[in-house]
Amino acid sequence: MVDVILGLQWGDEGKGKIVDFVAPNYDIVARFQGGPNAGHTLYVEGKKVVLHQVPSGVFHEKTINLIGSGVVLDPITLRKECNTVTEFGVNLKKQLFISERTHLILPTHRALDKATEISKGNEKIGSTLKGIGPTYMDKTGRNGLRVGDILDKNFTTAYIKLRLKHQRILDSYGFNEDISTWEEEFFEDLEFLRKLNIVNGEYFINNGITAGKKVLAEGAQGSMLDIDFGTFPFVTSSSTISSGVCSGLGVAPQKIREVLGVTKAYCTRVGSGPFPTELENETGELLRKIGSEFGATTGRPRRCGWIDLVALKFACMINGVTKIVMTKADILDSFETLQMCTAYQIDNKRVEEIPFQMTRLNIKPEYQSFAGWNTDTTAITSEKKLPESMQRYVAFINQYLGVKVKYISNGPGREQLIELA
Ligand code: GDP
Ligand code: IMO
Ligand code: MG
């Protein structure tokens with residue numbers, strides 16, 4: 001049995017906090033896609049920790065964490081993160097496993113990411129520059145190197161071959177930054193990676209399922225950044241939606257039970273690309289300020305706007321979402337009036353569907369207004385105590401999406417989560 005937690009917007013919905021909260025109910029937490037472009041924030045013993053590669057179940061002693069085959073792994077980031085989590089007493093030998101099929105991010109992948117972004121000028125994706133795109137390109141282009149390969153005696157030869165290929169492309173971009181320090185670090189950290197638990201991930205997880213273990217698949221990025229269904233080309237390079245769980249972990253679709261979709265009570269996006277409900281005004285700035293909306297991986301200010309129900313409904317459809325988690329409800333505590341986007345106006349036509357491409361269209365969001373609740377909700381622990389106007393806000397979301405909000409998160413802390421009937 002596998003449950004899934006994934007983002008329904010453009011990332012940073014608060015997935016990490018929710019995974020950390022529910023992890024004690026699971027035996028295995030597995031990342032199925034993405035890489036160090038992710039930044040999942042948790043509070044452990046009152047301290048803030050941002051995880052990029054390691055799954056967010058790692059702080060629960062009895063939960064095993066798997067970096068699955070669909071992930072792309074940077075050994076340098078991994079080692080840094082392993083150092084951080086061991087300071088909290090995490091036992092890596094017992095708690096962290098890495099699939100042999102996981103593709104490796106090489107220093108030249110990071111360089112290529114930078115070179116391609118520079119070459120795009122104003123049309124850049126706004127990538128996190130972690131080497132994600134080039135690594136997935138080498139995977140689908142059938143050139144990449146995988147974690148299992150580092151145990152092979154010919155690894156260095158294969159590395160040099162691929163590096164040469166990358167160098168030719170970098171030369172064609174005129175990219176001449178010195179990456180020798182990255183390479184030194186990379187080879188040092190490969191030694192560290194070799195000593196971790198490297199497993200045949202698909203058997204690891206399926207044998208667990210057969211033995212009755214409960215698995216939680218943790219998504220990174222968000223549905224609107226999905227390579228196939230997101231706002232292409234302003235997307236990431238992996239399958240961020242529930243079908244990515246099957247291809248990224250090697251589990252069959254009928255093993256998936258719940259799909260918990262996480263959305264903020266409003267909406268944010270970091271990097272370039274369409275964002276119909278973006279507020280480039282004081283309200284947007286207020287959301288950014290109150291919500292501390294700055295990227296957990298790159299520190300960039302996040303673009304902010306109202307919740308977009310058209311995009312959310314699309315995300316529920318392609319994921320088969322069974323329950324919704326609404327995070328950062330507390331950020332709306334001081335707003336007099338709230339807006340929800342219920343349709344788009346495109347060329348004077350009202351549409352409730354996500355168009356095939358959004359970049360070349362002039363999309364005007366159509367809003368429905370709601371009264372704000374104007375009270376501090378951060379200490380509320382039960383549904384009964386929620387302000388009536390918040391309950392109306394949630395009821396409208398339930399009705400529009402046809403999927404129910406099951407949890408409301410009202411603060412960054414683990415305990416700030418209200419379960420709804
Ligand atoms: P993720 O990438 O989906 O895991 O989300 P991020 O960690 O990038 O961004 C979410 C941010 O919101 C983090 O700083 C969290 O600590 C914070 N956060 C999560 N849930 C809540 C909430 O309900 N209220 C508030 N105020 N902050 C939250
Ligand atoms: P989490 O897991 C928000 C965005 C980047 C850029 C685009 C492509 O924390 O929600 P990439 O580096 O993947 O090539 O960048 O995707 N992006 C994210 N935005 N949260 C993330 O992860 C993201 N990972 C990538 O800003 O626009
Ligand atoms: Mg994040």
Side-chain angles (χ1 to χ4, degrees), residues 5-21 31 33-44 47-53 55-56 71-72 74 105 109-110 112-114 116-117 120 124-137 218-227 230-238 240 261-275 287 290-303 325-333 376-378 380 407-418:
I5 289 185
L6 46 74
L8 297 179
Q9 299 172 308
W10 281 277
D12 303 328
E13 297 89 349
K15 301 173 288 292
K17 169 192 154 154
I18 307 301
V19 171
D20 173 53
F21 179 82
R31 279 276 307 270
Q33 47 69 231
N37 48 349
H40 296 178
T41 314
L42 327 180
Y43 282 86
V44 192
K47 288 193 200 112
K48 178 172 159 173
V49 184
V50 181
L51 296 176
H52 304 285
Q53 293 272 192
S56 302
V71 171
V72 289
D74 184 339
I105 302 178
H109 283 132
R110 274 160 66 184
L112 282 166
D113 203 358
K114 194 166 174 187
T116 33
E117 280 286 80
K120 286 187 171 168
K124 69 172 186 196
I125 308 288
S127 136
T128 59
L129 303 179
K130 303 292 176 190
I132 306 298
T135 308
Y136 278 112
M137 276 170 74
E218 173 183 7
Q221 290 76 56
S223 303
M224 298 308 285
L225 287 171
D226 180 83
I227 180 70
T231 45
F232 191 86
F234 300 98
V235 293
T236 189
S237 300
S238 65
T240 61
V262 188
T263 172
K264 280 177 186 165
Y266 50 100
C267 192
T268 64
R269 170 164 205 167
V270 58
S272 330
F275 179 6
L287 281 169
I290 304 175
S292 312
E293 294 295 357
F294 295 91
T297 298
T298 56
R300 289 177 291 177
R302 293 177 184 148
R303 300 155 64 192
V325 185
M326 187 175 90
T327 58
K328 304 194 90 161
D330 54 300
I331 303 307
L332 301 182
D333 279 357
D376 181 351
T377 60
T378 52
I380 296 178
Y407 296 95
I408 293 180
S409 173
N410 56 338
R414 251 183 204 164
E415 68 299 338
Q416 288 170 299
L417 196 70
I418 305 158

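Only this structure's heavy atoms are used, side chains among them; waters, hydrogens and symmetry mates stay out. For ligands, and for the atoms within them, numbers begin at 1 and follow the listed sequence. Model, not experiment: these values are computed from the prediction.
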If only side-chain N and O atoms count, and only distance matters, is there a donor-acceptor pair under 3.5 Å linking Y266 with E293? yes
Which is it for T41 and ligand 1 at heavy atoms under 4.0 Å: side chain, backbone, both or neither? both
Close side-chain approach of H109 and V72, heavy atoms under 4.5 Å: no
Examine S409 against ligand 1 and note whether any of their N/O atoms are separated by less than 3.5 Å. yes
Heavy atoms, side chains only, cut-off 4.5 Å: are K264 and D12 in contact? yes
Sum of protein N, O or S atoms, each under 2.8 Å from the Mg ion (ligand 3): 2
Would you please determine whether Q221 falls within less than 4.0 Å of ligand 1 on a heavy-atom basis? no
F232 side chain reached by I227 side chain, heavy atoms, under 4.5 Å: yes
Mind checking whether K17 contacts ligand 1 via backbone (N, CA, C, O), side chain (CB onward), both or neither, at a 4.0 Å heavy-atom cut-off? side chain
G7 to ligand 1, any heavy atom closer than 4.0 Å: no
Consider every N or O of A296 and every N or O of ligand 1, then say whether any pair is closer than 3.5 Å. no
Against ligand 1, does G11 come closer than 4.0 Å with any heavy atom? no
Pocket residues around ligand 2 (non-hydrogen, under 4.0 Å) come out as W10, G11, D12, K15, N37, A38, G39, H40, I125, G126, S127, T128, I132, A220, Q221, L225, V235, T236, V270, G271, R300
Closest to atom 26 (N) of ligand 1 among protein heavy atoms sits D330 OD2, 2.8 Å
Any R110 side-chain heavy atom under 4.5 Å of T135 side chain: no
Looking only at N/O atoms, are Y43 and ligand 1 under 3.5 Å apart anywhere? no
What atoms of ligand 1 come within less than 4.0 Å of a heavy atom belonging to R302? 8 (O), 9 (O)
Suppose we measure from atom 6 (P) of ligand 1 to each protein heavy atom; which comes out shortest, and what is that distance? G39 O, 3.5 Å
Do ligand 1 and G16 have nitrogen or oxygen atoms that lie under 3.5 Å from each other? yes
Polar proximity ligand 1 side, I331 side, N/O cut 3.5 Å exclusive: no
Between P412 and T41, is there a side-chain heavy-atom distance shorter than 4.5 Å? no
Report the distance from atom CZ of R302 to atom SG of C267, rounding to the nearest 0.5 Å. 11.5 Å
Set of side chain to side chain donor-acceptor pair (under 3.5 Å) partners for D113, sequence neighbours left out: S127
Would K17 and T327 count as having a side-chain donor-acceptor pair, cut-off 3.5 Å? no
Would you kindly say whether T377 and D333 are connected by a side-chain donor-acceptor distance under 3.5 Å? yes
Could you tell me whether the side chain of P36 reaches within less than 4.5 Å of the side chain of I132, counting heavy atoms only? yes
Ligand-side contact atoms (ligand 1) for residue partner H40, heavy atom cut-off under 4.0 Å: 1 (P), 2 (O), 4 (O), 7 (O)
Taking every non-hydrogen atom, the tightest pair across S272 and G126: OG-N, 3.7 Å
Flag K328 as yes when one of its N or O atoms lies below 3.5 Å from any N or O atom of ligand 1, and as no otherwise. yes
D74 and Q53 side chains, donor-acceptor separation under 3.5 Å: no
Less than 4.5 Å apart, any side-chain heavy atom of I125 and any of T116? no
Tell me, do L225 and R269 make a side-chain contact under 4.5 Å, heavy atoms counted? yes
Not counting sequence neighbours, which residues clear side chain to side chain donor-acceptor pair (under 3.5 Å) with H40? List them please. E218
